[in-house]
Amino acid sequence: MRLLECVGLTKRWGALAAVDAVDLNVDAGEVVALIGPNGAGKSTVFNLIAGALRKTAGSVTFLGEVVDELSDFDLARRGLSRTYQITSLFPKLTVLENVRLAVQARESTRLNPVPSKTLRATTKIEAEEWIERVSLTEQSWRLAGVLSHGDQRLLEIACALALKPKLLLLDEPTQGMSVEETRSTVRLLKTLLNDSKVAVLLVEHDLEVVFGVADRIVVLEQGRKIADGPPESVRADPAVQRAYLGVAHA
Ligand SMILES: Nc1ncnc2c1ncn2[C@@H]1O[C@H](COP(=O)(O)OP(=O)(O)OP(=O)(O)O)[C@@H](O)[C@H]1O
Ligand SMILES: [Mg+2]
């Protein structure tokens, strides 16, 4: 069974077909990058899948179940989590507290909740493990709001992973990062994604990041899917090269 299956995904704003009959699949454990020039429809696809926008036509199936009408909360409970382009952390809480809240949120949606005392101890240990995995251990006592932009994005990824999703939607995870921060984030993402079984759908402008982490690349242009395949074949695809004409890395 497909983890995520979008069929004929369409979003129109008046005469503009921002997303035009796009088919898009993600299998368990797969890292899929969604790329395309400005205005191609990437964010719109993302928001249609995440339940943040209403589709004009088409359907989204997650784990064999049509999830068209579900809220982002219900999607998260089923194992589909997202990060936000704008940071969604609690700035007045510490790094550790932010991750603990994510672990607790996950545990509290279980049918048989763990007794609260045991939960407090285990969430701390687990939160510390996630923090270690994104290399923020030395910052774990600091308030999230005072971290550098790059570290805040890493903390967001830790929080999203702490929800233990089956599919993680990552919205431009390296946006606003320095070249150095971007490089180390790519290294980190690679290890994290190798270790955990999570599948990822990634919207990303930085093609170095895309080619660094993706198993498969889907290319949009003016709302339509123009390519879908492994990185090498997408890179060599003439239609993709045309779409990216004038863009440095293509
Ligand atoms: N709320 C809206 N109302 C009308 N048109 C919109 C709206 N949001 C996006 N669009 C249009 O839909 C098209 C696709 O936009 P979208 O933001 O999905 O592109 P994108 O691929 O994410 O671009 P970028 O790389 O710039 O982030 C664009 O032409 C955009 O102007
Ligand atoms: Mg966008």
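Counting starts at 1 for both ligands and their atoms, in listed order.
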Is Leu16 touching ligand 1 with its side chain, its backbone, both, or neither, if touching means heavy atoms under 4.0 Å apart?
side chain

Looking only at N/O atoms, are Gly36 and ligand 1 under 3.5 Å apart anywhere?
no

Please give me the minimum heavy-atom distance between Val210 and Ala33, naming the atom from each residue.
CG1-CB, 3.7 Å

Kindly confirm or rule out an N or O of Glu172 lying under 3.5 angstrom from an N or O of ligand 1.
no

Within ligand 1, which atoms have a heavy atom of Ala40 less than 4.0 Å away?
19 (O), 20 (P), 21 (O)

Under 3.5 Å side-chain donor-acceptor pair for Glu128 and Ser140:
no

Is there a heavy atom of His205 sitting under 4.0 angstrom from any atom of ligand 1?
yes

Drop me the distance from Arg153's CZ to Asp171's CG, to the nearest 0.5 angstrom.
7.5 Å

Is it true that some N/O/S atom of Asn38, main chain or side chain, lies under 2.8 Å from the Mg ion (ligand 2)?
no

Distance check, rounded to the nearest 0.5 Å: Arg133 atom CZ versus Leu154 atom CG?
13.5 Å

CG of Leu170 to CG of Leu193: how many Å apart, nearest 0.5 Å?
7.5 Å

Any side-chain to backbone donor/acceptor pair from Thr56 onto Arg12? Under 3.5 Å, distance only.
yes

Within-cut-off N or O pair, Ala18 and ligand 1, under 3.5 Å
no

In terms of its nearest heavy atom to atom 23 (O) of ligand 1, the top option of Gly41, Gly223, Gly39 is Gly39

